[in-house]
Amino acid sequence: NRSRNEPNLRERIRASVIERFSLESMTDKTLEAIERIKIAFVITGLNAGGAEVTLLKLLERLDRKRFRPSVISLSKDGDLKPKFEALDLRVQSINLKNPFNLFSLIVCLRRIKPDLVHTWMYHADLLGGLAAYLAGVKTIAWCIRNSNLDQDKTKRSTRLVVKLCALLSRRLPKTIVSCSEVAAAIHENLGYDRSKTLIIPNGFDLEVFKPDPAARSKIRRALNIDDQTPLIGLIARLDPQKNHEGFIKAAGIVARSLDTARFALVGAGIDGDNKRLLEAIEEENLTGKTYLLGRREDIPEICAALDILSSSSSYGEAFPNVLGEAMACGTVCAATNVGDSARIIGDAGRIVEVGDMQGLSQALLELLSMSRDDRRALGERARRRIADNFEVGDMTKRYESFYEALLCAA
């Protein structure tokens, strides 16, 4: 460490840590640990999803003068892997669908010799946590990214992993980070050690997600609609928990009351090849009024083009990132009350009960009935709420403080 030969640097580090944690004194051993924090992030996969994107945002901003991160994915290369690799850090894939590869994970962690292993998502918590323990890592943290587990739709193997995690939560992790207050409470009721829970909500980049009149015009021109046309969006990958068919039912009710309304659905698997969605759209007489845009890389522009962002999720969501992204763009939201949706939206949008698509349609119609000025003012309130409570820089600082404090306590 450079500070061994630079006393002034050592003193600056000491002063910074004392100020951050209000510590009266520090041992040299603790200070050296602060100076060389190596973190191995173990995540179930690197395909695009809320947890994966949040980890990517964290690593983009993590202070490399204080932290040396590496990433281990427990499945085959995902579509986000190139973005992780572009951050100039070690990214490895160890496919744990083959159980014999657990030994490879242990060897990998022994080679990295991390000060801290932080696992993300259930399978990584269980297998990554066990591998870290067997590799001799003393400081392990977990990360909860789901809320409730619908028994009819969640794999039995996943529910078993959650039960095992609940049993091991008292011994394996030092801390269990949850992005959601609701998710933390649900998992505590499932048997997770409540004394270890720490809430760090997700954060959003207000320089990337922002009101953008030019983007609004561009997207609407591509859809062949004008600025006055009411446009409601659902941005979510194809997954039962996202409840796309429920959204289409709500959209049908809206369209019968407001013929000019249009609907844009964005996400992996949401395209013209999806026969089930096409049939649902036809049943609601929404053909010609609904755009299936598939997976897109221009989500900030899509959000800025919408009048309202809707979330119709029926279970599983902990902290729906898309709500924060749309609100940061000044777009008002109407959502079902899953995970921390109500906490995110606050008084800057509308929340309805899970499964209440009639209620969702009425919330959408209520927002569309507002004058453009009133809806714009509500959108400005939504953006301020994200800036005040869920900004990505603040999220990063919380994680950095957490990692330092965890090693100070080790």
Side-chain angles (χ1 to χ4, degrees), residues 43-44 48-55 57-58 120-122 125 142-155 158-159 161-162 165-166 176-192 194 197-204 209 233-244 246-247 250 267 299 303 309-328 331-357 359-360 363 382 385-386 389-392 395 398:
I43 188 166
T44 301
E52 297 86 349
V53 170
T54 299
L55 178 57
K57 289 191 292 187
L58 172 61
W120 286 50
M121 307 191 327
Y122 295 133
D125 289 344
W142 285 357
C143 203
I144 294 173
R145 313 299 303 184
N146 281 67
S147 58
N148 60 314
L149 301 170
D150 189 294
Q151 290 194 0
D152 295 331
K153 300 182 179 69
T154 305
K155 293 179 181 178
T158 299
R159 298 202 306 271
V161 168
V162 172
C165 284
I176 305 170
V177 179
S178 175
C179 63
S180 159
E181 293 181 353
V182 169
I186 287 172
H187 285 76
E188 288 167 3
N189 289 335
L190 290 172
Y192 278 61
R194 69 181 62 243
T197 300
L198 174 68
I199 308 296
I200 303 180
N202 294 347
F204 305 94
F209 291 91
L234 178 72
I235 302 175
R237 71 184 184 279
L238 184 64
D239 189 293
Q241 74 179 29
K242 307 297 184 180
N243 192 21
H244 287 84
F247 171 77
I299 298 302
C303 287
L309 185 284
S310 179
S311 173
S312 53
S313 294
S314 54
Y315 70 97
E317 299 269 22
F319 193 102
N321 283 338
V322 70
L323 296 179
E325 292 170 350
M327 291 169 67
T331 299
V332 296
C333 296
T336 51
N337 191 19
V338 294
D340 276 14
S341 294
R343 179 187 178 201
I344 298 167
I345 292 176
D347 62 353
R350 300 291 185 271
I351 288 288
V352 304
E353 290 305 311
V354 172
D356 184 5
M357 295 302 101
L360 182 61
R385 181 168 180 81
I386 298 302
N389 300 282
F390 307 110
E391 194 272 325
V392 69
M395 178 198 77
R398 292 187 188 190

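What you see below is based on every heavy atom in this structure, not just the backbone, and it leaves out hydrogens, waters and symmetry mates.
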| task | Give the minimum heavy-atom separation between R350 and A363, together with the two atoms involved. | result | CB-CB, 3.9 Å

| task | State, to 0.1 Å, how close S313 and E317 come at their nearest heavy-atom pair, and which atoms those are. | result | OG-OE2, 2.9 Å

| said: Could you report the tightest heavy-atom contact between T331 and C303, atom names first, then the distance? | reply: OG1-O, 2.7 Å

| Test item: E325 and I235 side chains (from C-beta on) under 4.5 Å apart, heavy atoms | no

| Is a donor on one side and an acceptor on the other found under 3.5 Å between the side chain of N321 and the backbone of G50? | yes

| task | Could you list all the side-chain hydrogen bond (donor to acceptor under 3.5 Å, both in side chains) pairs where at least one residue sits in residues 179-189, not counting sequence neighbours? | result | Y122-H187, S180-D340, E188-R194, E188-T197

| task | Mind checking the CE-OG1 spacing from M121 to T158? Nearest 0.5 Å is all I need. | result | 10.0 Å

| said: For the CG atom of L55 and the CH2 atom of W120, what is their distance to the nearest 0.5 Å? | reply: 5.0 Å

| message | Please determine whether side-chain contact (heavy atoms from CB on, under 4.5 Å) holds for the pair F209 and M327, giving the CA-CA distance in whole Å, both sets of side-chain angles, and the decisive distance to 0.1 Å. | response | CA-CA 8 Å; F209 291 91; M327 291 169 67; over 6 Å; no

| message | Test of understanding: with ring pair (Phe, Tyr, Trp, His ring centres under 6.0 Å), list the residues that count as partners of F319, not counting sequence neighbours. | response | F390

| task | Give the intermediate values and the outcome of side-chain contact (heavy atoms from CB on, under 4.5 Å) for residues M395 and T54. | result | CA-CA 10 Å; M395 178 198 77; T54 299; 4.0 Å; yes

| Can you check whether F204 reaches K57 side chain to side chain, under 4.5 Å on heavy atoms? | yes

| task | Decide side-chain contact (heavy atoms from CB on, under 4.5 Å) for R145 and D125; before the verdict, give the C-alpha distance in whole Å, the side-chain angles of both, and the deciding distance to 0.1 Å. | result | CA-CA 11 Å; R145 313 299 303 184; D125 289 344; over 6 Å; no

| query | Do L58 and V392 pass the side-chain contact (heavy atoms from CB on, under 4.5 Å) test, and can you show the C-alpha distance, the side-chain angles, and the key distance before you say yes or no? | reply | CA-CA 8 Å; L58 172 61; V392 69; over 6 Å; no

| Nearest non-hydrogen partners of V354 and N337, listed with the distance | CG2-O, 3.5 Å

| message | Do S178 and I199 make a side-chain contact, defined as non-hydrogen atoms from C-beta onward lying under 4.5 Å apart? | response | yes

| message | Using every non-hydrogen atom in the two residues, find where M357 and G246 come nearest and quote the distance to one decimal. | response | SD-O, 3.2 Å

| field | Any donor-acceptor N/O pair, S312 side chain to K242 backbone, under 3.5 Å | value | yes

| message | Going by the rule side-chain contact (heavy atoms from CB on, under 4.5 Å), which residues pair with L238 if we only count those two or more places apart in sequence or in a different chain? | response | H244, I270, N274

| request: Work out which heavy atom in V352 is nearest to a heavy atom in G359; give both atom names and the distance. | output: CG1-O, 3.5 Å

| Roughly how far apart are L234 CG and S311 OG, rounded to 0.5 Å? | 7.0 Å

| field | Heavy-atom check, side chain of V162 versus side chain of Y192, under 4.5 Å | value | yes

| Inter-residue atom distance I344.CD1 - N202.CG, 0.5 Å rounding | 7.5 Å

| field | Min side-chain heavy-atom separation S341-L323 under 4.5 Å | value | yes

| query | In Å, rounded to the nearest 0.5 Å, how long is the span from SG of C333 to CD1 of I345? | reply | 5.0 Å

